Amino acid sequence: MSYSTINRLTPYVFLAPAVVVMAIALLYPLMYMVFGSFRAWDPSQAIGEAEFAGFTNYITLWHDPNFHESLIVTLKFAFSVVALEMLIGVGLALLLDRSLRGMSVLRTLFILPMMIAPVVVGLIWRYMYHPSIGIFNQTLESIGLGSVDWLGKHALMSVIIADIWQWTPFIFILALAALQSLPRSALEAARIDGASGWQQIIYIKLPLMMPVLIVTCLLRLIDAFKVLEVILVMTEGGPGLSTEILALRISRTATEFRELGVAAAMSNYLLMLLLILTIAMLAYNKIQELKKARVKVLIDGDGS
Amino acid sequence: MEMEADMNTSHHNKGRQQPAFYALLVVLVLMSVGPIVLMLANSLKLDVDIISGTSGLLFLPTIQNYETALCDILPYEIDHLDYCALKFGGAFINSLIIALVSTVLTLIIGCMAAYALVRFRFMGRDTVSGTTLMVRMVPPAVLLVPVFGLWNNEFCIDKATWFGEMIRDTFGGRGDVCLAGTHSGIILIYIAMNLPFVIWILQSFIVQVPRQLEEAARMDGAGSFQVFFKIVLPLIKPGLAAAAIFTFRIAWNEYLLASALSDRDTKTVPILIVNNMSEFNIEWGVIMATGMLLAIPPIIFTLFASRQIITGMTAGAVKG
């Protein structure tokens with residue numbers, strides 16, 4: 001083999017292990033799932049033995065009120081957590097954007113909630129929401145306000161609060177990083193022109209942060225659709241179907257109802273939803289890149 | 001004079017804003033750390049004290065809950081326990097094996113792939129990097145059904161072949177030898193799940209390695225692999241640290257796929273926690289002690305490597 005052949009093969013050698021693993025354990029399963037979603041398939045069967053069912057699974061789901069309920073709960077959960085987390089996270093970043101000696105210690109403490117296991121997060125919050133021994137009801141009762149049925153009537157709100165506790169720091173830290181990398185000159189200019197704090201935020205800071213904020217928002221939205229363990233531990237989807245998000249319903253359909261075909265079809269619906277969000281994010285990134293490139297060309301053109 | 005005035009105004013400004021500012025900081029820290037401290041406090045209480053719920057932070061700490069949780073691997077007899085029902089100790093060993101092995105393998109495979117994608121122009125490069133970006137969004141719940149089916153039914157060694165027979169004779173069992181129920185089965189899916197993220201994050205670190213360094217080494221006669229291991233890897237250590245922490249965190253914390261793929265002997269800690277939480281009588285003290293043990297490794301990482309974690313997080317969004 002000549003030297004140049006070896007050279008040409010090098011990248012493939014570096015890439016091969018990753019490609020093989022992802023092909024076997026991600027792409028093949030995904031194709032297998034699409035294949036399985038067209039079959040009446042239960043866990044005791046190999047997929048080859050399962051009967052072909054056409055679009056039955058998809059149509060069943062389309063008309064299934066429980067699936068609709070679950071879809072609505074998922075959308076409610078995902079959009080409310082992302083909206084509230086963006087609001088609180090960006091707000092806090094704007095408030096706390098100043099050089100402070102202990103800032104790195106604070107950031108360390110803030111990211112603790114998102115590093116610990118979702119199962120543990122669910123465990124902590126289930127305890128705190130406990131009707132009699134939980135800290136919230138004990139506090140409320142000790143000041144004479146009576147108790148709240150956290151994981152009963154208000155279950156969806158309660159799991160949303162837990163998610164906000166866990167993930168707002170993520171947005172806070174990204175927003176803070178974006179704020180601190182803003183061009184100083186723009187902020188100086190605004191200050192010299194006499195812009196008030198609010199005006200600086202609305203006309204300078206937020207518009208300049210927007211690209212990072214939009215990507216953060218989409219990333220968080222995609223992640224919000226993946227949440228499962230926290231809710232599983234806190235409510236197991238209940239009471240009724242009030243907190244049964246899609247991910248939870250998929251796992252219950254597969255393990256409790258033993259309908260792998262239906263669960264596969266449901267997974268496909270969820271995947272399509274996430275695909276749209278991912279494509280939106282990638283497209284947005286591409287547009288930003290093109291914009292930057294054009295600005296650069298303009299500036300370079302000026303210079304010459 | 002001017003400087004003095006300047007200092008005065010700035011001092012005045014600070015004096016006006018400071019108390020509210022610090023109060024806000026204290027509240028935020030309490031809110032984010034408080035629940036974890038509460039879990040720690042409860043893990044050191046007896047169940048009677050938790051349920052009476054009055055003592056707050058004034059109580060006599062005990063490690064009984066930790067002993068109960070780890071009863072199957074503690075070398076000494078435990079007085080307060082007649083029978084060791086919970087097998088959290090074994091689960092911890094499983095969790096450790098699975099998380100460590102999958103982290104190491106993901107890093108090795110991932111940094112090689114990231115290097116190829118950044119430094120070489122070759123056919124299929126765009127396909128690979130595009131696919132990698134897309135599969136990042138796949139949730140574990142979507143993988144549950146196909147992985148369960150494949151690991152149980154397709155990724156098996158036929159018991160009739162000599163290799164299958166050998167494994168069956170060595171380890172026992174009746175049917176075909178399948179990936180489900182083994183450590184390797186769970187490790188494989190964790191590597192695959194983490195690879196897209198690791199590749200993506202390491203790319204942003206490899207780009208920053210100056211090309212001249214690599215070219216100089218190549219001039220001195222180093223091959224591609226030598227350049228990679230001797231020049232590039234040492235320079236992207238912070239990136240590797242960030243990637244390692246994120247991978248370990250997911251492998252250590254994950255519940256859903258592990259619960260679908262494990263059998264009696266390969267259960268990880270999150271599975272046991274969920275199983276115990278769905279029982280009617282929750283033993284709060286023991287479960288909090290287990291939760292605390294599960295939370296300790298990520299907490300330690302966070303305290304010692306928060307800068308790497310934050311770099312990793314920001315690299316993820318800013319360079320997305």
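Since the model is a prediction, treat every value here as computed from it, not as a measurement.
- When all heavy atoms of A141(B) and A247(A) are compared, the closest pair comes out as CB-CB, 3.6 Å.
- In this structure, the side chains of V138(B) and L30(A) come closer than 4.5 Å at one or more pairs of heavy atoms.
- At a 4.5 Å heavy-atom cutoff, I250(B) makes no contact with chain A through either its backbone or its side chain.
- Within the 4.5 Å cutoff, side-chain heavy atoms of F110(A) are placed close to those of V29(B).
- Considering all non-hydrogen atoms of both residues, A192(B) and A25(A) come closest at CB-CB, 3.4 Å.
- If you measure heavy-atom distances from V227(A) to chain B, you find no contacts under 4.5 Å at all.
- V145(B) has its side chain within reach of W41(A): a pair of non-hydrogen atoms, C-beta onward, lies under 4.5 Å apart.
- For M115(A), the parts sitting under 4.5 Å from any heavy atom of chain B are the backbone and the side chain alike.
- Per-residue heavy-atom pair counts under 4.5 Å with chain B were compared for T278(A), L123(A), L260(A), V233(A), and the maximum is reached by L123(A).
- Note that the CE atom of M313(B) and the OG1 atom of T216(A) stand 9.5 Å from one another [nearest 0.5 Å].
- A pairwise comparison of heavy atoms in L271(A) and P139(B) identifies CD1-CD, 4.2 Å as the closest pair.
- With a 4.5 angstrom heavy-atom cutoff, L274(A) touches chain B via backbone and side-chain atoms both.
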Note to self: Would I191(B) and M22(A) count as a side chain to side chain contact (heavy atoms under 4.5 Å, CB included) here? Give the steps.
What the structure shows: CA-CA 8 Å; I191(B) 298 177; M22(A) 289 201 288; over 6 Å; no
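- For the atom pair CG of L25(B) and CG of L92(A), the computed distance is 9.5 Å after rounding to the nearest 0.5 Å.
- With a 4.5 angstrom heavy-atom cutoff, L228(A) touches chain B only via side-chain atoms.
- Using a 4.5 Å cut-off between heavy atoms, V128(B) contacts chain A through its side chain alone, with no backbone atom that close.
- In this structure the side chain of L28(B) reaches within 4.5 angstrom of the side chain of L96(A), judged on heavy atoms.
- Between chain B and the residues F35(A), Y28(A), W125(A), the most heavy-atom pairs under 4.5 angstrom are made by Y28(A).
- What you find for M33(A) and V142(B) is that their closest heavy atoms are SD-O, 3.6 Å.
- Side-chain contact between M137(B) and L275(A) is present, with heavy atoms from C-beta onward closer than 4.5 Å.
- Of the residues considered (L109(A), V34(A), I24(A), I250(A)), L109(A) shows the highest number of contacts with chain B, using heavy-atom pairs under 4.5 Å.
- Side-chain contact between Y127(A) and M288(B) is present, with heavy atoms from C-beta onward closer than 4.5 Å.
- Side-chain contact between L27(A) and T131(B): present, with at least one pair of heavy atoms (C-beta onward) separated by less than 4.5 Å.
- Only the side chain of L294(B) comes within contact range of chain A, with at least one heavy atom under 4.5 Å from a heavy atom of that chain.
- Rounded to the nearest 0.5 Å, atoms CE (M134(B)) and CG (L282(A)) are 6.0 Å apart.
- Inter-residue side-chain proximity for V21(A) and T106(B) is flagged as unmet; no heavy-atom pair is nearer than 4.5 Å.
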Notebook entry, point to check: Can you check side chain to side chain contact (heavy atoms under 4.5 Å, CB included) on L256(B) and S251(A), steps first, answer last?
Noted result: CA-CA 8 Å; L256(B) 186 66; S251(A) 99; 3.8 Å; yes
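- Contact of L188(B) with chain A is made through backbone and side chain together, with heavy-atom distances under 4.5 Å.
- For I282(B), the part lying under 4.5 angstrom from a heavy atom of chain A is the side chain only.
- With a 6.0 Å radius and a threshold of 12 heavy atoms from other residues, nucleotides or ligands, E283(B) has its CD atom at or below the threshold.
- Of the two parts of I108(B), neither the backbone nor the side chain holds a non-hydrogen atom closer than 4.5 Å to a non-hydrogen atom of chain A.
- Using a 4.5 Å cut-off between heavy atoms, L143(B) contacts chain A through its side chain alone, with no backbone atom that close.
- A donor-acceptor pair under 3.5 Å is absent between the side-chain atoms of E229(A) and the main chain of E254(B), judged by distance alone.
- Residues P270(B) and V119(A) come closest through the heavy atom pair CB-CG2, 3.9 Å.
- In terms of heavy-atom pairs under 4.5 angstrom with chain B, the leader among L112(A), I222(A), L95(A), L270(A) is L112(A).
- Contacts of Y12(A) with chain B are made by side-chain atoms alone, with heavy-atom separations under 4.5 Å and no backbone atom involved.
- With rounding to the nearest 0.5 angstrom, the CG atom of N42(B) is 10.5 Å from the CE atom of M128(A).
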Identify each donor-acceptor pair in which a side-chain atom of residues 300-308 of chain B lies under 3.5 Å from a protein atom, sequence neighbours left out, and give them as a table.
from: T302(B); atom 1: OG1; to: P298(B); atom 2: O; distance (Å): 2.6
from: S306(B); atom 1: OG; to: T108(A); atom 2: OG1; distance (Å): 3.0

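- Within the 3.5 Å criterion, the main-chain N or O of M31(B) finds a donor-acceptor partner in the side chain of W165(A).
- With a 4.5 angstrom heavy-atom cutoff, N152(B) does not touch chain A via any of its atoms.
- Taking the six-membered ring for Trp and the full ring otherwise, F225(B) and F14(A) have centroids separated by under 6.0 Å.
- Contact of F148(B) with chain A is made through the side chain alone, with heavy-atom distances under 4.5 Å.
- For the atom pair I299(B) CD1 and I116(A) CD1, the distance stands at 6.0 Å (nearest 0.5 Å).
- For CE of M123(B), the number of neighbouring non-hydrogen atoms (other residues, nucleotides, ligands) closer than 6.0 Å is 12 at most.
- If you measure heavy-atom distances from W252(B) to chain A, you find no contacts under 4.5 Å at all.
- Residue-environment remark: CG (L273(A)) exceeds the threshold of 12 foreign heavy atoms within 6.0 Å.
- Of all non-hydrogen atoms in A116(B) and P11(A), the two that sit nearest each other are CB-O, 3.6 Å.
- With hydrogens and angles disregarded, a donor-acceptor distance shorter than 3.5 Å links the side chain of R249(B) to the backbone of M114(A).
- Between chain A and the options I273(B), L38(B), V147(B), the largest number of non-hydrogen pairs under 4.5 Å is found for L38(B).
- Looking at Y115(B), the atoms closer than 4.5 Å to chain A (heavy atoms on both sides) all sit in the side chain, from C-beta outward.
- Separation of atoms OG1 (T255(A)) and CG (L144(B)) is listed at 7.0 Å; rounding is to 0.5 Å.
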